[in-house]
> 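Got a structure for you, written out below as structure tokens; questions coming shortly.
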Amino acid sequence: MALTGLEIYKQLPKTNCKDCGFPTCLAFAMKMAAGQVPLEKCPHVTDEAKAALESASRPPIQLVTIGTEDAEIKIGNETQLYRHEEKFYRPAAVAVKISDTLDQGAVAQQAEAAGQLKFERVGTEIRVNLVAVVNESGDAAKFEQAATLAAEKSGLACVLMADTAANLAKAAGALSGKRPLLYISDPAEAEAAAAVAKDNDCPLAVKAEGVEALAELTPKVTAAGVEELVLDPGTRTLKDTLEALTLIRRASLKGCRELGYPMIAFTTAEDPTLQAVEASTFIAKYAGVVVSEGAEKWQMLPVLTTRQDIYIDPQKPVAVEPRLNAIGEVDENSPLLVTTNFSLSYYSVEGEVEASRVPAYILSVDTEGTSVLTAWASDKFNPETITQAMKKSGIEEKVSHRKLVIPGFVAVLSAGVEDESGWSVQIGPKEASGIPSYLKNQWQAS
Ligand code: SF4
């Protein structure tokens, strides 16, 4: 938890000597609390005060980096229990499980498929981030081979999961410089695995049977020199895992250093639909990494959609640039559809226009990222704003007709828009899903 100026001030010498460049110790403390000056600027802080300030100013949940370069993922460093209190910062990494008992062709095929598991939603790419290679064979050579292949074919960062530190060392060595997350399932091997993680400069995930056992284990691992930890409370049912993740998040935000790390969770249901439910639940409730048993596109889309929605800043509407967009090979007879610049509204309309295969113009009016009905209710989507947006867009020069289509939910605006713009208003469907049929069967330029 960030320290307040007064908490920092209590640790300073309080001599107001000005050597830091500030007139008083309190002024220095206030600047430091705002993150505008480092503690080192005061040359008179005692070692005890330094230790207290440094440990207290550490984030409640450690930042952990997995992978490198384009495949790099950062998790942790969260500060809130409830998203609406501020926001969640670092989206959970979604991993697809690959067993090293598979033959090489199957490992390569699954890894390639994982690397391709991506979708575009409201103008943003959402994708699977990791492949979790599991040493189910117990064989170090097979594990190493599968890890190498999975990393190469997926292009993603890896989680390497084994029961023994020796097998982890083998696979970690093969991915040297790629910074995989090493996962040790046997708590008795955790300290040996910490030595492997330290030697290979990798983060380490440790498992223990329950939250208390985890809190006892982490100091032993950090004493071995690994700071970037990920926690597995060992639970394997939806209910138990949800409880454990919530307990750890609460404890870490209350200052429990032993549990102040991101968490890893696993789907375990046999039913593929329930796997997607489990993964989505763990994303919503605090997991930093979610390892999914299934990797079908239909399973991943709702999981990644949940993640995107949970990690969007709840205080900021998701908006697209307000402007005129041409969809397809438009010409002077192409229809003009008007909507708002709320991302979900805009992309719903765009997707349906594309699906209709009728080239069309879409004008997104600046409503500060609010949806059609919200913008209408708050008077941001009205005859004046629509007409101004039309004029600014230059649509008059692009089409020969003088017709625009407004969403069916705001049909009440039609008379006002006609008066203000001089264009003829056509009432489109209420839902975007009705657009293809509308454009094919009802729209006429003349
Ligand atoms: Fe206070 Fe240190 Fe600044 Fe001197 S240098 S005024 S002791 S904060």
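Counting starts at 1 for both ligands and their atoms, following the listed order. Just the heavy atoms: all of them, side chains too, but no hydrogens, waters or symmetry mates, feed the values below.
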> Relative to the heavy atoms of Asn16, which atoms of ligand 1 are at a distance of less than 4.0 Å?
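Heavy-atom distances to Asn16 below 4.0 Å select 6 (S).
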> Return the CG to CG distance between Leu117 and Leu156, rounded to the nearest 0.5 Å.
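Those atoms lie 9.0 Å apart.
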> Give the contacting part of Lys18 toward ligand 1: side chain, backbone, both or neither, where contact means a heavy-atom distance below 4.0 Å.
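For Lys18, only backbone atoms sit under 4.0 Å from ligand 1.
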> Under 4.0 Å from a heavy atom of Phe28: which atoms of ligand 1 are those, numbered in the order shown and with their elements?
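The atoms of ligand 1 under 4.0 Å from a heavy atom of Phe28 are 8 (S).
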> Between Arg323 and Val365 (side chain of the first, backbone of the second, donor and acceptor by atom type, cut-off under 3.5 Å), is there such a pair?
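Absent.
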> Suppose we measure from atom 7 (S) of ligand 1 to each protein heavy atom; which comes out shortest, and what is that distance?
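Checked against all protein heavy atoms, atom 7 (S) of ligand 1 sits closest to Thr15 OG1, 3.4 Å.
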> Taking atom types as modelled, is there a side-chain donor on Asp232 or Tyr183 under 3.5 Å from an acceptor on the other?
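Present: a donor and an acceptor within the cut-off.
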> Does a side chain donor of either Gln275 or Glu293 reach within less than 3.5 Å of an acceptor in the other side chain?
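Looking only at side-chain atoms, Glu293 and Gln275 do not form any donor-acceptor pair under 3.5 Å.
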> Among protein heavy atoms, which lies nearest atom 3 (Fe) of ligand 1, and at what distance?
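That would be Cys20 SG, 2.3 Å.
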> Which atom pair, heavy atoms only, marks the closest approach of Arg236 to Thr268?
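Taking Arg236 first and Thr268 second, the nearest heavy atoms are O-OG1, 2.9 Å.
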> Using the side-chain contact (heavy atoms from CB on, under 4.5 Å) definition, which of the options Asn200, Val133, Leu160 pairs with Leu175?
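Exactly one candidate clears the test, Leu160.
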> Evaluating non-hydrogen atoms only, which member of Gly21, Pro43, Cys17, Cys42 is closest to atom 4 (Fe) of ligand 1?
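Looking at heavy atoms only, the winner is Cys17.
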> Look at atom 1 (Fe) of ligand 1 and say which protein heavy atom is nearest, naming residue and atom and giving the distance to 0.1 Å.
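Closest protein heavy atom to atom 1 (Fe) of ligand 1: Cys25 SG, 2.2 Å.
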